[in-house]
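Down below is the structure, laid out as structure tokens.
Just so it is clear, the model here is predicted, and its values are computed rather than measured. Labels below follow one simple rule: chain letters A, B, ... track the order of the sequence lines, proteins then strands, and each chain is numbered from 1. Because only heavy atoms are used, hydrogens play no part in the values below, and waters and symmetry mates are left out as well, while side chains stay in.
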Amino acid sequence: MKHWLVKTEPETYGWADLVSKKEDIWDGVRNYQARNFLKDMAEGDLVMVYHSGKHREVVGLAKVSEESFPDPADEEGKGWVAVRLAAENELKRPVTLQEIKGQEELSEMLLLKQSRLSVMPLTANEFDFILQLAEK
DNA sequence: GCCAACGTTGGC
DNA sequence: GCCAACGTTGGC
């Protein structure tokens, strides 16, 4: 199983929106690198949901409920894809960007290295480490 | 509000 | 194919 992190602006579409719908399409990704990661997602993979903007923190866990399919909003047929995510659970407490930056174990995260990437893989270690932080 | 990083567009 | 101009994202 692979592990992922997706970014979203909560003012536009946030963790709360996914929770209220329980399951929803994750679309609108218009970056090739991010698209390739979306295509790599498999049903059952776990996905951390991160809020960008004012509050920069990992807030919840979701699960891939449907592998990549053509993004319905891709009217020009450029090959953009979407996946479907199901809300799993909210972290006991959010793990902030600042906190992530302070951890040696998380220093290689793409979140830190490529600030504009909106879909990225995490190693199992990174994923577990963040979950541990949320327990503290 | 500013700026860095990065992607895209368009002229040549 | 190169590069300048411009737009967007996202952290601070």
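In this structure A:Q114 satisfies the side chain to side chain donor-acceptor pair (under 3.5 Å) test together with A:Q33, sequence neighbours excluded. With sequence neighbours excluded, the residues forming a side chain to side chain donor-acceptor pair (under 3.5 Å) with A:E135 are A:K92, listed by chain and number. A search for side chain to side chain donor-acceptor pair (under 3.5 Å) contacts involving A:Y13 returns A:D24, not counting sequence neighbours. For A:W80, there are no side chain to side chain donor-acceptor pair (under 3.5 Å) partners, not counting sequence neighbours. For A:A42, the side chain to side chain contact (heavy atoms under 4.5 Å, CB included) partners at least two apart in sequence or on another chain are A:D45, A:E67.
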Write out a two-atom table: protein N or O, nucleotide N or O from nucleotides 2-4 of chain C, distance below 3.5 Å.
none

So which protein N/O to nucleotides 7-12 of chain C N/O distances come out below 3.5 Å?
{"unit_1": "C:dT8", "atom_1": "O2", "unit_2": "A:R116", "atom_2": "NH2", "d": "3.0"}
{"unit_1": "C:dG11", "atom_1": "OP1", "unit_2": "A:Y50", "atom_2": "OH", "d": "3.0"}
{"unit_1": "C:dG11", "atom_1": "OP2", "unit_2": "A:G53", "atom_2": "N", "d": "3.3"}
{"unit_1": "C:dC12", "atom_1": "OP1", "unit_2": "A:K101", "atom_2": "NZ", "d": "2.0"}

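Each side-chain hydrogen bond (donor to acceptor under 3.5 Å, both in side chains) pair with one or both residues in residues 95-106 of chain A, not counting sequence neighbours, appears once here: A:R93-A:E99. Within the structure, ring pair (Phe, Tyr, Trp, His ring centres under 6.0 Å) pairs that include any residue of residues 81-112 of chain A do not occur (at least two apart or interchain).
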